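For reference, the structure discussed in these notes is given below.
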Number of protein chains: 4
Amino acid sequence: MTRVTAAAPAPGCQVPKPRADAVRNRERILAAAREMLVEHGAHVPFDEIARRAGVGNATLYRHFPDRVTLVHQVVLYVMDRVTALAEDALAEEPDAFAALCRFAHAAADERIGALCPMLSDDFDHEDPELLAASAALNEVSERLMATGQQAGVLRADVAVGDLMIALSQLSRPLPGTACLDAAPFVHRHLQLFLDGLRAPARSELPGAPVTFDDLKQKTM
Amino acid sequence: MTRVTAAAPAPGCQVPKPRADAVRNRERILAAAREMLVEHGAHVPFDEIARRAGVGNATLYRHFPDRVTLVHQVVLYVMDRVTALAEDALAEEPDAFAALCRFAHAAADERIGALCPMLSDDFDHEDPELLAASAALNEVSERLMATGQQAGVLRADVAVGDLMIALSQLSRPLPGTACLDAAPFVHRHLQLFLDGLRAPARSELPGAPVTFDDLKQKTM
Amino acid sequence: MTRVTAAAPAPGCQVPKPRADAVRNRERILAAAREMLVEHGAHVPFDEIARRAGVGNATLYRHFPDRVTLVHQVVLYVMDRVTALAEDALAEEPDAFAALCRFAHAAADERIGALCPMLSDDFDHEDPELLAASAALNEVSERLMATGQQAGVLRADVAVGDLMIALSQLSRPLPGTACLDAAPFVHRHLQLFLDGLRAPARSELPGAPVTFDDLKQKTM
Amino acid sequence: MTRVTAAAPAPGCQVPKPRADAVRNRERILAAAREMLVEHGAHVPFDEIARRAGVGNATLYRHFPDRVTLVHQVVLYVMDRVTALAEDALAEEPDAFAALCRFAHAAADERIGALCPMLSDDFDHEDPELLAASAALNEVSERLMATGQQAGVLRADVAVGDLMIALSQLSRPLPGTACLDAAPFVHRHLQLFLDGLRAPARSELPGAPVTFDDLKQKTM
DNA sequence: TATGAATGAGATTTCATTCAT
DNA sequence: CATGAATGAAATCTCATTCAT
């Protein structure tokens, strides 16, 4: 299993020193931002995120010069963790459909909805770090679905993009509800959706299977 | 079929004069607000709504003294139209599951996601107009589901609340996508969800069936 | 004499209504901004300008969305007044060199230094209003200098740009001094410069005569 | 010729160690600060000066505890160099007016405008180092002017303060122009001003000759 | 000593709401 | 009634200065 974002510096490199407290602050800000963004939407005041992270607001600006950058880093952060969940499900769950379900529910709990900003028009899909992380998630989730389709337990007319979109939509916080845990039906409706994915297909789907790359198209 | 929100004044009442342009302005504001709220979330500046509606901002305030009121009226506006869609589906579609599907897809197109603010903590569920509209929608949609369950084409462990929530979530515009039409996979994923609703049930669902009334609970 | 910026609306035009108080506020802001910008440089807090003008800060933003716009309008405002001074000097002062001196000292008192931002790299020289005002000032000041040169009282190797630049430089507030009136030597040094302009030329000048258009070149 | 600011420690003193890199850093900061202050005014962020000097911001603070101190040292730095230029002109240029011109143009190139902060209300004129450097510059520049006036080539109604002020004003970078070299007309207008200084006087000057000491008066 | 990081105070800008025409 | 203008409060962002490594 490869963690993408935690790129280790080459041994003997000249980068001065990462300074422990700065790293810890960065982590704390990312974690706080993920919660705030998922729970309260993209409009949370920066000061609130800073307070939740326990740092001054200017510290937040030092690490993430603007909102776009912060969101971008949160996406990377969550994507990395979700990728790990998919790898775990594949490795530990022998039944193909069970693996898919395990992944889906775990990803919802891991706030996969935080990946939604990727779909935004102004999201930078060319960023190298994102491309790498994205490819990793794409690879493992395609493996997850292919396994199910080859085993004949997953309908053939769906692709990873379908899963990712619906997963994100269904696990997004309902407006006005304070946090994800306060929406106990997420797992219910997710399970209904997963039942719809199970083979044999029960109806014809409009449109074509959505791949991961489709999500990067500006023109959806 | 009863339209709830267009309450006609009692005959012989003394309400001065409805003034044609005021009525037209109210309609334009409601339509504009529905689009803006669904597309850009609850944070759209009032001035933007006013501009989209083609009226001055103060006119908007004259019709809707505050954001809460405006949102409330938009909910009523959409709820009324969605109710009509359910009635039409029931009346014109002989097959029970086909009726459900027709309703779901039509409601998505009608921006049923604009009902989400109902789930917000600060939404006033005691308002008489809302109670009436709500009861009407509840009645017809329960009839829609009951028909399907009695016909054995709809799994028995789901209720209207499940449908409404998931429908809203799946049809909400993805962040950054300007309008619903720009998200062509909404109907794909909605259909997958509908396939999950079809009997026989393929897996056990966590939690209990969600009724319409469950959605009014402040503590979700 | 033609005032350029105070463009009168065509009779019978459809522009709604200028609203007296808004016009008065705009005037007050422009006057206040001219003083603050000339006295304290381009970094004066917007709130200070608003306070000096006696309006709320947001009112300032309504009239001038950003600092660039405000500065631009101040330039137009001052340019118009300086143009009028040149016209007056030409019309009322029979002696050519006396007219030039009268104009120079009056322009210094009128804060011609406020035109300095025109020389900045990010100043928009393409704006139609500015082009018109600029042409008017150019025309009258060239007439002013040509008169002197034809009368043989003004050295021939200088052009309007030379006058404008030096005039602006010499009348700019010295850093740290509160206001122009507190720099009583402005008129002394201006007169020394004017003496240097008088014919016959006492030394050869480096470079070429600077025209008005030269000042618009980004590459100075 | 006495260099004032490079005060050598008394022989036998106990100052620990000058540390070569600290001295070099101090030089680099002073040079960078002179450029930034002259080019972008007194408002340049400290961090920018530090970046331009190639040191960390805290290093800047170690050498110069606050902005006032930094500006003060820059003034001393430039004053010392300008004094040297005046001495050179006097020593090497036999013609009195030529010496004045040579000095003026050289001082402009040496950024004499960096002395302007001396005129600021909050500048400390009592500092011993400054008093010494100031006296030295005053002495040599008075000698420069007296020579010219005794030779009858420089008008009698001007004093060193007039020269210093006008020189500073005319050589200050125009707003938006990045560096002095980008303003090719500085020497043109300076020469015009010098022509105005030449005897015989062509007009009467308002005000009285400005001495060096006049510039120290808080109330100008 | 040199430095990057942290921070609060203040500057800039936006927006919901009220006011005057 | 309809509207553009005005406004304070809050959000975003910058920067001089201090701190910790």
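Atoms considered below: every heavy atom in the structure, side chains included; atoms not considered: hydrogens, waters and symmetry mates. Predicted model only: the values in this text are computed from it and were never measured. First the proteins, then the strands, lettered A, B, ... as listed; each starts at 1.
A donor-acceptor pair is defined here as one N or O able to donate and one able to accept, closer than 3.5 Å; such a pair exists between the side chain of B:H125 and the backbone of B:M118.
Considering only heavy atoms from C-beta on, A:F64 stays 4.5 Å or farther from A:V71 through its side chain.
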Query - From CA spacing to verdict: salt bridge (charged side-chain N to carboxylate O under 4.0 Å, His left out), D:E27, D:R24 - result: CA-CA 5 Å; D:E27 283 290 328; D:R24 202 189 55 242; over 6 Å; no
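Across all strands shown, E:dT3 is found opposite F:dA20 as a Watson-Crick or G-U wobble partner, with both distances under 3.5 Å. In a base pair of the Watson-Crick type (N1 to N3 plus N6-O4 or O6-N4) or a G-U wobble (N1-O2 and O6-N3), with each distance short of 3.5 Å, E:dA11 is matched with F:dT12.
Put simply, CZ on A:R51 is 15 Å from C1' on E:dT7, counting in whole angstrom units. Atom CD1 of A:I49 and atom C1' of F:dC13 are 14 Å apart (whole Å). If you measure from atom CZ of D:R24 to atom P of E:dT1, you get 16 Å, rounded to the nearest angstrom. Per the geometry, CZ belonging to D:F64 stands 15 Å off P belonging to F:dT17, to the nearest Å.
Scanning all heavy atoms of the two residues, the minimum distance from C:V78 to C:R34 falls at CG2-CD, 3.3 Å. Here the closest non-hydrogen pair linking B:A50 and B:L60 is N-CD1, 3.7 Å. Between A:N25 and A:T59 the shortest heavy-atom distance is ND2-CG2, 4.2 Å.
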Report summary line: With sugar-phosphate taken as primed atoms, P, OP1 and OP2 and all else as base, the protein-contact string of nucleotides 6-12 of chain F at under 4.0 Å (heavy atoms; B, S, -) is BBBB--B
